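To keep things clear, I will list the structure first and then write my remarks on it.
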Amino acid sequence: MLRIEDTDMARNSDEALQAIIEAFDWVGMDYDGEVYYQSKRFELYKKYVDQLLSEGKAYKCYMSKEELDALREEQMARKERPRYDGRYRDFTGTPPQGVEPVIRIKAPLDGVIRFTDGVKGDINIASSEVDDFIIARGDGTPTYNFVVAIDDALMGVTDVIRGDDHLYNTPKQIVVYNALGFELPRFAHLAMINNEQGKKLSKRDGATDVMEYKHNGFLPEALLNFLVRLGWSHGDQEIFSLDEMRELFDPKDINKSASSYNLDKLLWLNGHYIKNTPNQSLATMLKDFDLHIDGHDKLELLLDATKERGKTLAEIAGQIKMILDAPQNYNEKELKKAFKEDTADILNDFMALLRDSKDSLHLPCDYHALLEKLVAKRQIGFGKIGQPLRVALLGSMSGAGLDEIMAILGVDETLSRIEKILKS
RNA sequence: GACCCUUUCAUCUAGUGGCCAAGGAUGCUAUGUUUUCAACAUAGAUACAGAGGUUCAAAUCCUCUAAGGGUCGCCA
C-alpha cells in the first residue's frame with residue numbers, strides 16, 4: 001500500500017510527489033491497489049474532528065501564533081520543554097475576535113504513556129511531555145499526527161515501522177487511537193543513518209535523492225541490498241534479492257544503534273549485481289549513459305570485457321567508449337613508461353603478423369595465440385608488447401583485456417590504431 | 001535547556017552469562033593467477049567507549065561517566 005501524507009496544502013508540490021512515485025518505481029518496490037492521498041480524504045477526517053469535539057475530547061483554541069511564540073520563548077528562558085499550556089482546554093468565556101481557532105486534542109494530564117517498541121523495547125514517556133497538540137489548523141485542514149493514526153487504524157496497518165525521528169510522535173498518535181477507540185498497532189523505530197563520518201546526514205552529503213543513484217550508475221538491487229543491511233542483518237548473509245528480503249525481514253532483527261553510510265560497500269554490491277546482470281539488460285540501462293550498443297554485433301564481447309571491472313554503469317560506459325572510440329591523445333606519462341627503444345620494432349613485427357593471418361582472426365583466443373607467437377619469436381616478456389599495445393588501442397594503460405579489445409575492433413582498426421601511435 | 005534513545009574492528013554487523021584469547025562482510029596489506037587494471041583465490045592486521053559492581057564465570061546483567069543521535073511547529 002502506498003499512502004501520500006499530504007495534509008499540508010501549503011507545502012504540497014507535484015514534483016516532490018512525482019519524485020516519490022518515480023523512486024519507488026525504479027527501485028522495484030510496488031504496491032497493491034491505487035495510491036492513497038490524504039489530501040483527498042479531508043471529509044473523512046473532518047467527521048472524526050467533529051466527533052471528538054462533541055464528545056469533549058477536543059476543543060477550540062484561540063491562541064494566536066504570536067502568543068504561542070511568546071509562550072515558547074518564556075518557557076525556553078525558564079529552561080523548560082516548550083509546550084502548549086492548555087489555556088483554552090476548559091475555556092467557556094467569549095472567544096477573542098478575529099482569530100480562526102485551531103482544534104486541539106485533550107492529551108492526558110498525568111500518568112505515563114507507554115508502548116513497546118519493536119526495536120527499542122519498552123518506552124515510557126510522561127504525559128506531561130505530551131501537550132494538547134493541534135489536530136486541525138485554523139483553515140480546517142487536519143494535521144499529520146491525527147490523520148496518520150486514523151488511516152493506519154482504518155487501513156488495517158499492523159506494524160508501523162519508521163525512523164527514530166518519529167519516536168516522539170508515537171505518544172501523540174496513541175492519544176488519538178485512545179480518543180477514537182482504535183486498537184493500537186505495533187510500533188518499531190529505526191535508528192537513523194549517518195554520513196560516512198558518522199555525523200547526521202545532510203544535503204551536503206550528496207546523493208540524498210534516490211534517483212541520483214540511478215544517474216550515478218547504480219543498480220536498484222544494489223541500493224536496496226545496501227540499505228537493508230544498514231541496521232538489519234540475517235546472520236552472515238550479505239546478498240539479498242528482493243524476494244529474500246520480503247521473506248526474511250523481521251523487525252526483531254533490527255539494530256538499535258545508528259549506522260553510517262559506507263560508499264565502498266555500496267560500490268562492491270553494485271559491482272556484484274552488474275556482474276550478475278545479463279548483457280542485454282546492461283545494454284538497455286547503458287542507454288542512459290549516452291552509450292548505444294543495443295544492436296551492436298559485438299555487444300556480448302563488449303560487456304564481457306568490461307562488466308567484471310566496472311563498479312558502476314557509468315564506469316562501464318566509459319570503458320566501452322574507450323574501446324569504441326579511437327584514442328584522440330595519449331597520456332604522456334604512460335606513453336613514456338610503455339615505450340622503450342625497441343617498442344616500435346616490436347609493434348611493427350606484430351602488425352606484420354596481424355596482416356599475415358588476417359583472415360583467421362575472429363575470437364579473442366585467436367588474437368591471444370598471435371600475441372604468444374610474437375612473444376615466443378622475439379623471446380620477450382608479455383609486458384614488452386602488452387603495455388604499448390594497450391596504450392595504442394585505448395590511449396591508457398588500464399582497461400579491458402587486449403584479446404577482447406582486438407576481437408572487438410577487428411584487424412583493420414587494430415592496425416590503424418597502432419599505426420597512429422607509431423606516427424606520433 | 002528539557003525529555004528520550006544509542007555505544008563490538010575504519011565501516012556494516014554476528015553475539016541474549018560459559019561454545020568468544022570475539023565470527024562474517026566491505027575496505028586495507030601481502031601472496032598466487034595475469035600483458036596492465038580489475039575480477040578471482042588464499043593469508044594477514046584491526047573491535048567489546050571508560051570506570052566501578054553482581055557472578056565460580058560478563059561483550060552479554062546493574063550503576064555511574066563520556067561520546068553520539070532524536071524530539072520539543074497551525075512540517076511530515
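Nothing here was measured: the structure is a model prediction, and the numbers come from that model. Each chain gets a letter, A, B and so on, in the order the sequences are listed, and its residues count up from 1.
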Atom-to-atom span, NZ of A:Lys311 to C1' of B:G27 - whole angstrom: 10 Å
Name the residue from A:Leu52, A:Asp50, A:Leu44 that meets the side chain to side chain contact (heavy atoms under 4.5 Å, CB included) definition with A:Tyr48. A:Leu44
Hey, is NZ on A:Lys60 packed in by over 12 heavy atoms from elsewhere, all under 6.0 Å? no
Under 3.5 Å, is there any donor-acceptor pair linking the side chain of A:Arg309 to the base of B:C37? yes
Can you check whether any acceptor in the base of B:C5 is under 3.5 Å from a donor in the side chain of A:Lys120, or vice versa? no
Which of parallel (below 30°), tilted (30 to 60°) and perpendicular (above 60°) describes A:Trp232 and A:His234? parallel
Quiz question: going by heavy-atom distance under 3.5 Å, is there a donor-acceptor pair between the base of B:A10 and the side chain of A:Asn262? no
Would you classify A:Met63 as touching base, sugar-phosphate or nothing, given that sugar-phosphate means primed atoms plus P, OP1 and OP2, and contacts are heavy atoms under 4.0 Å? base
Without swapping roles, check the side chain of A:Asn194 against the backbone of A:Ser260 for a donor-acceptor pair under 3.5 Å. no
Does any residue of residues 241-257 of chain A have a heavy atom under 4.0 Å from RNA chain B, and if so, which ones, in number order? A:Asn255, A:Lys256, A:Ser257
Classify the side chain of A:Glu80 and the base of B:G1 as holding, or not holding, a donor-acceptor pair under 3.5 Å. no
So, under a plain 3.5 Å distance rule, would you say the side chain of A:Asp165 forms a donor-acceptor pair with the base of B:G70? no
